[in-house]
Structures are given as C-alpha cells and as structure tokens.
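One structure is given here, and the rest of the page talks about it.
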2 protein chains.
Amino acid sequence: MKVEVAMQKLKEKGYKYTQKREKILEIFTKVNGYLSVKDVYKKIKQDYPTISLNTVYLNLSFFEEAEILETTDLNGEKVYRFSCEDQHHHHIICTECGKVKAINICPMDAIYGNPPGFTITGHKFEIYGCCDECNK
Amino acid sequence: MKVEVAMQKLKEKGYKYTQKREKILEIFTKVNGYLSVKDVYKKIKQDYPTISLNTVYLNLSFFEEAEILETTDLNGEKVYRFSCEDQHHHHIICTECGKVKAINICPMDAIYGNPPGFTITGHKFEIYGCCDECNK
DNA sequence: TTTTAAATAATAATAAATACTATTTATTTC
DNA sequence: GAAATAAATAGTATTTATTATTATTTAAAA
C-alpha cells in the first residue's frame, strides 16, 4: 500500500492529515517487517525530535483501527507492519529483527465450518525463524 | 499429562518438590484451557493464602522451561496450559475464557524445507473463536 | 479570519513482568 | 535423625509496555 492511499483511507475514516502521520507510514514503507512502537519512535525522532511517545502509540492504534497497519506479538511485545489486504496470506517472521516474508498457504482452507462448541472469529498462522542477516 | 509425571519431569531437571508446585499443576489438570498468571494466583490462594505472586510467576516459568506447560499470548497477556507432547497439534481457543479444543491439522506439513533467506525455528497456528458458553 | 474539533506533548497512572534480598524449606550428607 | 547447603519463597522494589489525563497546538471547516 502506498502512503498516499493509506492517508486517503485514514481521511475517509475521519482522521486528519498530519505530517507526522505521513512520516510514520513512510517509515513502514521502507521496512519489510514488523516494528515495535519504540522502533517507530526512534526512527521518527530523527525528523521530529520533540515527538511524544504517546503520539506514536495513538497513531499506530489509529492505523490499526483503519486497517492500514496489522499487528502481531513478538516476544510479548506488540509490533506493527503495513497491512496487505490485496490477498490473504501469512508470514515467516525473523524473531530477531522482525523481518517478514509472505507464505501463500492458509491452513484455514482445510477447515470447514465451525468446530462443535465454537464459533470461529479469526486465526493466526506464523512461522518463526532467523533470517540470514541475523544468523551471522 | 498426570501431575505425578510432571513432577517427576521437574525433578529430573533438577527442581525440588514442593506442595505449591504440585498444587499449581493440579489446577491446570482441572482446566481445559489457558490460564493467566493472575488466574493461577487467585486459584492457589484458596489453598495457600500467603503465596506470593512472584512465586507463581517463577514456577510457571520453570514449568515452561521443563516443557510441562506451554504458553501463548491472549489479548497481550501470557497464558499457560498443560503441554500435550504426545502428539503435535494445534488449538482453537476461546478468546473470552481461554478454553481450548485440539485441531489435528498442522499447516507445516505443507511446508518443505526452509524458505530462502530463513531458517525455521518454530511456528504457531491458532484458531480463535467464542465458545458456546461465552456466547450466551 | 474565526471557530472547533482533533492532534499533540507532557505527564501521570496501570499493569505485566522481572529483579533483589532475607528468610524458609527440601534435600543431601554425615 | 541432625547439620549443612542449595533452592524455594515472601515481600518488596524495579522495569517496561501501555493507557489515561489534561493543557496546548494545529488542521480543517465555516
């Protein structure tokens, strides 16, 4: 997803345009992987040294709400990445740096209907590993 | 896994026997699902009112290390359940109460070797839902 | 340009998890 | 069985992620 498209999406949801929001999205376009709140905070501080950590928290939540970013849990920490809604897929994730690679298999294809006693609301399939860079 | 077997396993790893540890394991045998640290703390307090929350944290970590309990993340909180190593499987989890049901499909069966650039170290496949009791 | 409603900064408050230390207890050795 | 010792525990403090609060600033509308 391009930054402009994401910002447009945000606008449609009633959120205002701000330079900082644009910058946050820009950061995600440059990274092929998950970033923690602190990661984003450190990066955006280079351009906006006075930005508040709270602002980063808030905006990442808004982006998640607007389905611009998607999240997962890495080592007990919430991490974010650009959402790719174009096609449903899963990821292999480097547990060291958060880098991801798409997997075009969805195990839900083999699940038909709801198991007795449960109503399915979602699922998660993630493969964890170590990328070659982190392996060195 | 029976409590005795688990305690034996713990002993083999060099941990001592204590009543509190046995009680914690007992709690897990009575529950078919994930429990948070606080859940366990509340339950064991009925028998050992002076037990420290820290002790629960420590012991759950030891149990995880000894592969007696397994963990996942539910709503950003670490939760524990009895590990069933007998056969590899996955779960459908009630996001309300943590109740689980086994699924006998493993998506890793369809993954051959390591994707280029990554060394696989683990995986997670979980289906989320709402159990009938919580749906009421 | 004025208005106003949202965004932000700064700070405080929560909550989960970990760290530390003195005391107690399970197990070993005699 | 008693003494020694190494681990377990309680109690407390600390750290860290996250959320809440409030005054100020700013984007967008009138």
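- Listed pair Lys38(A) / dA17(D) meets the phosphate criterion, a side-chain N or O lying under 4.0 Å from OP1 or OP2.
- Distances shorter than 4.0 Å separate none of the side-chain N or O atoms of Thr55(B) from OP1 or OP2 on dA8(D).
- Within the nucleic acid shown, Leu53(B) has no heavy atom closer than 4.0 Å to any nucleic acid atom.
- Ile51(B) has its CD1 atom 21 Å from the P atom of dT23(C), to the nearest Å.
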Practice problem: I would like to know whether Val31(B) and Asp39(B) meet side-chain contact (heavy atoms from CB on, under 4.5 Å); could you show each step before the answer? | Solution: CA-CA 11 Å; Val31(B) 176; Asp39(B) 288 337; over 6 Å; no
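- Between Tyr17(A) and dA27(D) there is no side-chain polar atom (N or O) within less than 4.0 angstrom of OP1 or OP2.
- Taking atom CZ of residue Phe62(B) and atom P of nucleotide dT18(C), one finds them 12 Å apart after rounding to whole Å.
- The phosphate of dA28(D) has neither OP1 nor OP2 within less than 4.0 Å of any side-chain N or O from Lys11(A).
- The hydrophobic cluster containing Met108(B) also contains Met108(A), counting ILVMFWY residues as joined when their side-chain heavy atoms lie under 4.5 angstrom apart, directly or transitively.
- When distances run from any side-chain atom of Lys16(A) to the nucleotides dT18(D), dA8(D), dA28(D), the shortest one goes to dA28(D).
- Within the nucleic acid shown, Thr50(A) comes within 4.0 Å of sugar-phosphate atoms alone, with no base atom in reach, counting heavy atoms only.
- Which of dA10(D), dA17(C), dT8(C) sits closest to the side chain of Ser52(B) comes down to dA10(D).
- One can place CG of Leu58(A) at 15 Å from P of dT22(D), the figure rounded to the nearest angstrom.
- In terms of position along DNA chain C, the nucleotide closest to Tyr48(A) lies nearer the 5' end than the nucleotide closest to the other residue of the pair Tyr48(A) and Lys78(B).
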Exercise. Check the pair Leu35(A) / Val79(A) against side-chain contact (heavy atoms from CB on, under 4.5 Å), numbers first and verdict last.
Key: CA-CA 5 Å; Leu35(A) 296 176; Val79(A) 289; over 6 Å; no
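- Put simply, OH on Tyr128(A) and CG on Asn75(A) are 9.5 Å apart, with the number rounded to the nearest 0.5 Å.
- As a whole-Å value, the separation of Asp73(B) CG from dT18(D) P is 10 Å.
- Separating the SG atom in Cys106(A) from the CD1 atom in Ile111(A) is a distance of 9.0 Å, to the nearest 0.5 Å.
- Between Leu10(B) atom CG and dA8(D) atom P there is a gap of 8 Å when expressed in whole angstrom units.
- Between Glu26(A) and Lys23(A), at least one side-chain nitrogen of the basic residue sits less than 4.0 Å from a carboxylate oxygen of the acidic one, meeting the salt-bridge criterion.
- Positionally, the nearest nucleotide of DNA chain C for Asn54(B) lies more toward the 5' end than for the other of Asn54(B) and Thr18(B).
- In this structure, OH of Tyr57(A) is placed 17 Å from P of dA10(C), rounded to the nearest angstrom.
- In this entry the distance linking CG of Asn59(A) with C1' of dT26(D) reads 14 Å, nearest Å.
- The side chain of Arg21(A) contributes no N or O atom lying less than 4.0 Å from OP1 or OP2 of dA27(D).
- Taking every side-chain heavy atom of Val37(A) into account, dT18(D) is the closest of dA16(C), dT18(D), dA9(C).
- Checking dA17(C), dA7(C), dT8(C) against every side-chain atom of Tyr15(A), the shortest atom distance belongs to dA7(C).
- Put simply, CE on Met7(A) is 11 Å from P on dA27(D), counting in whole angstrom units.
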